[in-house]
Number of protein chains: 2
Amino acid sequence: MPDNEYNKIPNAPVTIQDIANLADVSIATVSRYLHGHLNRMSAETAERIGRIIKENNYVPNKVAQNLKQKTSSTIGIMVANVDDSFSVELYKGAEEYLFSVGYELVLINSNGDVDREQQLLTEMRNRQLAGLLVQPVQNKLHDFTALKDLGLPVMILDRHFDEPYWPVIESNNEEISQQLGQLIVDKGYEEVIILTETVAATTSRQLRVKGIQEQVEAAGLITHIIEVDENHFDGDAVHNRIGELTNHRQIKTAIVALKEPLLLQLVGLKIRKNVKYPQQIGIVGFADTPMINILDPDLTLVRQNPMEMGRMSAKMLVAQIKNDDLPADIVHIKAEIIEGTSL
Amino acid sequence: MPDNEYNKIPNAPVTIQDIANLADVSIATVSRYLHGHLNRMSAETAERIGRIIKENNYVPNKVAQNLKQKTSSTIGIMVANVDDSFSVELYKGAEEYLFSVGYELVLINSNGDVDREQQLLTEMRNRQLAGLLVQPVQNKLHDFTALKDLGLPVMILDRHFDEPYWPVIESNNEEISQQLGQLIVDKGYEEVIILTETVAATTSRQLRVKGIQEQVEAAGLITHIIEVDENHFDGDAVHNRIGELTNHRQIKTAIVALKEPLLLQLVGLKIRKNVKYPQQIGIVGFADTPMINILDPDLTLVRQNPMEMGRMSAKMLVAQIKNDDLPADIVHIKAEIIEGTSL
DNA sequence: TTGTAGGCGTTATCAC
DNA sequence: GTGATAACGCCTACAA
């Protein structure tokens, strides 16, 4: 049955064929028009096609385009935790750049769950994405090989694997932590408590602990690590543990929160327990949102630049897509220490 | 050229045709296998196909499936502002439900920009999405008609339009604001200051102001509205203005922040300026993240339930997709007042 | 139980 | 200048 009779269902999207029929040309000509090959047709034809496209509100079907072209202008970013503003900033940085160069960025959340990550990864495999930005949940990606086989351009954010395969964007975790350690030493602290989630789970935590310890222990200080579960934070327990470790605040101690939510908890404790900082106890932590400063402008903190990390990773991803080769292996985005009075 | 010779480029994704060749059956049989029609083939065939799919790590090409089926299992959610945890919670609630029923949810950010919203909307039109969740930036959607023509299932979150077309999920803004107004009256306040971004821009703000004013002015109190730009918050200016309005705290005044970031700013001011609350000045605000309570557990606040809003909207969207009809016009998700001591 | 073939909406290579 | 037409990978009547 020829297509130029009107047996369309209502709301059926208009196709290139519809436009061709209405304009009385072939779909090839319409396609040429759409791709700007206006020199290959008469001015009238072009005008007519243009008008009819406008009138009928025609937009090419991306799915068909993607199928044909075996790629799309959509890039995915799989973040570890949308609740974490760090992840959101990664998205924003990447999105800003990608939008400016004609890609769309689509976010999915592995929600800190490795199985979920695995599942989403397989689902993304056959999506005809142009590329993928991944902030892995842990130190390794499970579906590693499947992605490799696919030849899909990938960037790894905020973590790295033992065997690097894709380029990595990270904060200069070790370096900045050394600086922080040095600062703690310089300020005359006698002991250091590191408040963190399970250290072994991510490279960033490992590097931070390493950096701080190196510097601080070289100066003869003792470090303690308190590992907590962010989702079941027991303020009183932590407060008591800190009390024990500091011999009830007789020892001048710096407490370092390796992650913003933990720093927040610490600030909350400080307010509630009415502890006097930083005379005997100094606090400092990693934090990336401006918000925390609204609350306590005097906090000393280590500020990463997740937005820049997102932007840079997007640039490198596009480079991969275009050149089909890998730029650098690993790029460090500088974090900085903002000195307040809490340390 | 027949497809069963190996002229594939390396990394070319394996197709149903490849599997058919390797298994020595037709693609129809493989397709049947994939769709679980195992009764329509011999056990050996099924076993063989299954094995070969495993071995070759085959996953059907979603793009081709979508093109053929004219729909997909992907749902989009366009949020007004990823920086706002409210938007993120909407996403999470929707995602949780959709994931459980086999859809994927993909987030895009209009970033509070109506033009951006417009553009993304047109880009989404031809994406073969199964449905779309939208938290509009303002009281109206521009590309309204284009979406209508498409017959795409849509849910509107957190805003509503003058001419409702799609079902809406909202907080019970007016009702809860009336309750809040009553609470303020009951607590013996003499004046009310409402701190908000431009009221006219969104229905939720309008309804909140309306609810509070109704209740409070019925009791003879005066209300003042301070409209600020969240992104250029001038703490000192707001502090001074509050000072003027309260005759330098001689008048017992309740300050209501209509949005979490503004409440945060208020708390920040309170800390920095060392103002004594709530003897003369009470503060209360809309806030949705638990975080704010870590900082100040004594805050009285209005907590919406964005996660439930996301979940409910997702359910209703799926209902639309399945039944092709609209459930209810508008659903209100209850907010609640958490009483602390700050008001 | 299994295969053939047409079509989903595009793109692009040929022809004319 | 313009139009057929063969893919892209998959689904699904309809045959066999």
Side-chain angles (χ1 to χ4, degrees), chain A residues 1-4 7-9 12-50 53 56-73 125-129 150, chain B residues 1-4 7-9 12-49 53 56 58-73 125-129 150:
Chain A
M1 171 166 46
D3 228 355
N4 47 5
N7 55 352
K8 302 269 164 208
I9 59 165
V14 15
T15 72
I16 198 173
Q17 183 64 258
D18 299 331
I19 301 299
N21 294 151
L22 291 168
D24 221 20
V25 292
S26 76
I27 59 169
T29 306
V30 178
S31 181
R32 283 185 200 106
Y33 175 91
L34 292 170
H35 290 81
H37 302 151
L38 301 182
N39 51 334
R40 300 213 237 141
M41 70 191 68
S42 74
E44 309 94 279
T45 314
E47 186 281 329
R48 190 155 27 96
I49 295 177
I53 286 178
N56 292 70
N57 227 306
Y58 166 72
V59 190
N61 181 322
K62 282 264 184 203
V63 176
Q65 287 181 325
N66 294 351
L67 177 59
K68 182 63 192 173
Q69 299 176 157
K70 301 180 130 188
T71 181
S72 74
S73 60
R125 279 184 52 197
N126 47 2
R127 279 297 158 116
Q128 228 94 307
L129 291 178
L150 213 58
Chain B
M1 170 165 45
D3 228 357
N4 47 6
N7 54 352
K8 303 270 164 207
I9 59 166
V14 16
T15 73
I16 198 174
Q17 183 63 258
D18 298 331
I19 301 300
N21 294 152
L22 290 169
D24 220 20
V25 292
S26 76
I27 59 169
T29 306
V30 178
S31 181
R32 284 186 200 106
Y33 176 90
L34 291 170
H35 290 80
H37 301 154
L38 301 183
N39 51 333
R40 299 213 236 142
M41 69 191 68
S42 73
E44 310 93 281
T45 313
E47 187 279 329
R48 190 155 25 100
I49 295 177
I53 286 179
N56 293 69
Y58 166 73
V59 190
N61 181 321
K62 281 264 185 206
V63 175
Q65 286 180 326
N66 294 350
L67 178 60
K68 177 67 192 175
Q69 301 176 156
K70 301 181 133 194
T71 182
S72 74
S73 60
R125 280 185 50 197
N126 47 3
R127 279 297 158 115
Q128 228 95 307
L129 291 179
L150 212 60

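As the structure is a prediction and not an experimental result, all values here were calculated from the model.
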> For A20(B) and S26(B), which heavy atoms make the closest approach, and how far apart are they?
Replying inline: CB-C, 3.7 Å
>> Could you check whether any side-chain heavy atom of I19(A) comes within less than 4.5 Å of a side-chain heavy atom of V14(A), counting everything from C-beta outward?
In response: yes
>> Can you give me the closest heavy-atom contact between V63(A) and L67(B), atom names plus distance?
In response: CG1-N, 3.6 Å
> Under 4.0 Å between a side-chain N/O of S42(A) and OP1 or OP2 of dT2(D), yes or no?
Replying inline: yes
> Between L67(A) (CG) and dC8(C) (P), how many Å, whole number?
Replying inline: 14 Å
> Rounded to whole angstroms, how far apart are CD1 on I19(A) and P on dT10(C)?
Replying inline: 9 Å
> Are the side chains of L34(B) and I53(B) in touch, meaning some heavy atoms are under 4.5 Å apart?
Replying inline: yes
>> With each end axis built from five pairs of C1' atoms, what bend angle do you get for the helix from dT1(C)-dA16(D) to dC16(C)-dG1(D)? Round to 10°.
In response: 50°
> Looking at CD of Q128(A) and CD of Q65(A), how far apart are the two atoms once the value is rounded to the nearest 0.5 Å?
Replying inline: 12.5 Å
> Going through the distances and angles, do V25(A) and R48(A) end up as a side-chain contact (heavy atoms from CB on, under 4.5 Å)?
Replying inline: CA-CA 10 Å; V25(A) 292; R48(A) 190 155 27 96; 4.2 Å; yes
>> Do D18(A) and N56(A) have side chains that approach each other closer than 4.5 Å (heavy atoms only, starting at C-beta)?
In response: no
> Who are the side chain to side chain contact (heavy atoms under 4.5 Å, CB included) partners of S73(A), not counting sequence neighbours?
Replying inline: K62(A), Y103(A), E104(A), R127(B)
> Whole Å only: how far is the CG atom of N39(A) from the P atom of dT2(D)?
Replying inline: 12 Å
>> Pick the closest DNA chain C nucleotide for M41(B) and for K70(B) by heavy atoms, then say which residue is nearer the 5' end.
In response: M41(B)
Distances for protein N or O near nucleotides 10-14 of chain D N or O, under 3.5 Å:
from: dC10(D); atom 1: OP1; to: Y58(B); atom 2: OH; distance (Å): 2.7
from: dC10(D); atom 1: OP1; to: N61(B); atom 2: N; distance (Å): 2.9
from: dC10(D); atom 1: OP2; to: I16(B); atom 2: N; distance (Å): 2.5
from: dC11(D); atom 1: OP1; to: H35(B); atom 2: NE2; distance (Å): 3.3
from: dC11(D); atom 1: OP1; to: Q65(B); atom 2: NE2; distance (Å): 2.8
from: dC11(D); atom 1: OP2; to: S31(B); atom 2: OG; distance (Å): 3.4

>> What contact category does V25(A) fall into here, base, sugar-phosphate, or nothing, at under 4.0 angstrom with non-hydrogen atoms?
In response: sugar-phosphate
>> What is the distance, to the nearest angstrom, from the CD atom on Q128(A) to the P atom on dG9(C)?
In response: 18 Å
